[in-house]
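Report on one structure; see the data block that follows.
Keep in mind the model is a prediction, meaning the values are calculated, not measured. Here, residue 1 is the first one in the sequence, and each next residue gets the next number.
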Amino acid sequence: MYSFLRNLSFLEIGFNLVIVAKMLGTLLAQDTTISFLGCATQMYFFFFFGVAECFLLATMAYDHYVAICSPLHYPVIMNQRTRAKLATASWFPGFPVATVQTTWLFSFPFCGTNKVNHFLCDSLPVLKLVCAYTALFEIYAIIGTILVVMIPCLLILCSYTLIAAAILKIPLAKGKHKAFST
Ligand SMILES: *[C@@H]1O[C@H](CO)[C@@H](O)[C@H](O)[C@H]1NC(C)=O
């Protein structure tokens with residue numbers, strides 16, 4: 001659990017740093033500009049850390065499921081190799097999602113206003129500055145977002161349903177309490 005928590009902290013630091021670093025610059029130096037490349041970089045890492053975090057949360061839910069539903073097998077199932085594989089599998093989806101999203105959006109022509117109406121280069125405020133036909137990209141972005149949110153969400157729900165079912169089977173109230181607090 002702690003190695004996944006360390007992963008989560010790491011992703012969370014990255015995710016916040018991507019936003020806050022530029023925001024502090026904006027607030028302290030009153031420099032409200034961001035370069036084209038800076039904007040793309042910020043969007044890339046924003047999506048990368050965000051997506052990886054969603055999948056890492058699903059991995060952590062699976063870790064809890066194994067710990068509670070097969071406590072005696074836990075050290076065997078969650079050995080170092082499995083943990084490394086799960087951590088890699090959580091981080092990996094961030095790469096293709098961030099790469100496709102950022103390269104596709106930033107390959108559109110930009111014209112007219114160049115004001116990003118947001119505190120970071122998120123996809124919707126940047127999309128508003130594009131002057132081209134973007135319907136296909138929007139469909140891709142919506143489907144991508146639904147998948148990235150729904151897949152981990154369903155896995156987490158599954159894990160917690162199984163955990164709740166296992167806990168309700170524990171006969172002793174004290175045992176139930178201990179399992180729930182875990
Ligand atoms: C993430 O978890 C894996 C698997 O336990 C571990 O090997 C790796 O060092 C962790 N990474 C970070 C940045 O904590």
Open item on the list: Test your reading of the model: is there a side-chain donor-acceptor pair from Asn7 to the backbone of Ser3, 3.5 Å cut-off?
Closed with: yes
- [ ] Can you see which heavy atom on Val76 is nearest to which on Asn79, and at what distance?
- [x] O-ND2, 3.3 Å
Open item on the list: Please find the pair of heavy atoms, one from Pro152 and one from Cys54, that lie closest to each other, and give the distance.
Closed with: CB-O, 3.3 Å
Open item on the list: Using every non-hydrogen atom in the two residues, find where Pro93 and Pro96 come nearest and quote the distance to one decimal.
Closed with: O-CD, 3.4 Å
TODO: Could you tell me the separation between the CD1 atom of Ile34 and the SG atom of Cys121, rounded to the nearest 0.5 Å?
DONE: 4.5 Å
TODO: For the pair Asp122 (side chain) and Leu124 (backbone), establish whether a donor and an acceptor sit closer than 3.5 Å, ignoring hydrogens and angles.
DONE: no
Task: Single-linkage hydrophobic cluster, 4.5 Å side-chain cutoff, Val149 and Leu57 together - done: no
Open item on the list: Determine whether Tyr65 and Tyr160 satisfy the following criterion, ring pair (Phe, Tyr, Trp, His ring centres under 6.0 Å), listing intermediate values before the conclusion.
Closed with: CA-CA 7 Å; Tyr65 158 74; Tyr160 277 79; over 10 Å; no
Open item on the list: Does Phe47 form a side-chain contact (heavy atoms from CB on, under 4.5 Å) with Val148? I'd like the steps, not just the answer.
Closed with: CA-CA 11 Å; Phe47 275 92; Val148 162; over 6 Å; no
Open item on the list: Check the orientation of Tyr140 and Trp104. Use parallel for under 30°, tilted for 30 to 60°, and perpendicular for over 60°.
Closed with: tilted
- [ ] Hey, could you give me the CG/CD1 distance between Leu168 and Ile163, rounded to the nearest 0.5 Å?
- [x] 12.0 Å
Open item on the list: Parallel, tilted or perpendicular, judged at 30° and 60°: which one describes the rings of Trp91 and Phe48?
Closed with: tilted
- [ ] Check whether any side-chain heavy atom of Val116 lies under 4.5 Å from a side-chain heavy atom of Pro125, and answer yes or no.
- [x] yes
Task: Residue pair Leu127 / Glu138, side-chain heavy-atom distance below 4.5 Å - done: yes
Task: From CE (Met60) to CD (Glu53), nearest 0.5 Å - done: 10.0 Å
- [ ] Output yes when a side-chain donor or acceptor of Thr161 lies under 3.5 Å from a complementary backbone atom of Leu157, and no otherwise.
- [x] yes
Open item on the list: Please give me the minimum heavy-atom distance between Phe110 and Leu129, naming the atom from each residue.
Closed with: CD2-O, 3.8 Å
- [ ] Return the minimal non-hydrogen interatomic distance between Cys69 and Ala166, and the atom names on each side.
- [x] SG-CB, 3.6 Å
TODO: Report yes if some heavy atom in the side chain of Leu17 is under 4.5 Å from a heavy atom in the side chain of Phe45; otherwise report no.
DONE: no
Task: Approximate separation, where rounding is to 0.5 Å, of Thr88 OG1 and Arg83 CZ - done: 12.0 Å
TODO: Answer with yes or no whether the hydrophobic clustering places Phe55 together with Tyr44; edges join I, L, V, M, F, W, Y residues whose side-chain heavy atoms lie under 4.5 Å apart.
DONE: no
TODO: Going by the side chain to side chain contact (heavy atoms under 4.5 Å, CB included) test, name the single residue among Leu120, Thr102, Thr41 that passes it with Phe46.
DONE: Leu120
- [ ] Give the cluster check for Leu136 versus Phe108: same hydrophobic cluster or not, with ILVMFWY residues linked at side-chain heavy-atom distances below 4.5 Å.
- [x] yes
Open item on the list: With a 4.5 Å cut-off on side-chain heavy-atom distances among I, L, V, M, F, W and Y, is there a chain of contacts connecting Val97 to Phe92?
Closed with: no
Open item on the list: With a 6.0 Å cut-off (strictly less than), is the heavy-atom count around NE2 of His177, excluding the residue itself, greater than 12?
Closed with: no
Task: From CD1 (Ile139) to CZ (Phe137), nearest 0.5 Å - done: 11.5 Å
TODO: May I ask you to check whether over 12 heavy atoms, not counting those of Phe15, lie within 6.0 Å of atom CZ?
DONE: yes
Open item on the list: Looking at Gln42 and Val18, would you say the former's side chain and the latter's main chain have a donor-acceptor pair under 3.5 Å?
Closed with: yes
Open item on the list: Less than 4.5 Å apart, side chain to side chain, heavy atoms only: is that true for Leu86 and Phe4?
Closed with: yes
TODO: Mark yes or no for whether Asn16, through its side chain, and Ile13, through its backbone, hold a donor-acceptor pair below 3.5 Å.
DONE: no
Task: Rounded distance [0.5 Å steps], OG1 in Thr32 versus NZ in Lys115 - done: 9.0 Å
Open item on the list: Can a side-chain donor-acceptor contact be found between Ser90 and Thr59 if the only test is distance below 3.5 angstrom?
Closed with: yes
Open item on the list: Checking Tyr62 against Leu155 for the side-chain contact (heavy atoms from CB on, under 4.5 Å) test, could you report, in this order, the C-alpha distance in whole Å, the side-chain angles of both residues, the deciding distance, and whether it holds?
Closed with: CA-CA 8 Å; Tyr62 173 69; Leu155 291 173; over 6 Å; no
Task: Shared hydrophobic cluster for Leu56 and Phe49 (ILVMFWY, side-chain gaps under 4.5 Å) - done: yes
Task: Validation row: Val100, Phe95 side chains within 4.5 angstrom (heavy atoms) - done: no
TODO: Begin with the C-alpha distance, continue with both residues' side-chain angles, and end with the deciding distance and a verdict on ring pair (Phe, Tyr, Trp, His ring centres under 6.0 Å) for Phe106 and Phe36.
DONE: CA-CA 9 Å; Phe106 279 88; Phe36 190 74; 5.3 Å; yes
Task: Met23, CE atom: more than 12 neighbouring heavy atoms under 6.0 Å - done: yes
Open item on the list: Quick check: closest heavy atoms across Ser123 and Met43, and the distance to 0.1 Å?
Closed with: CA-CE, 3.7 Å
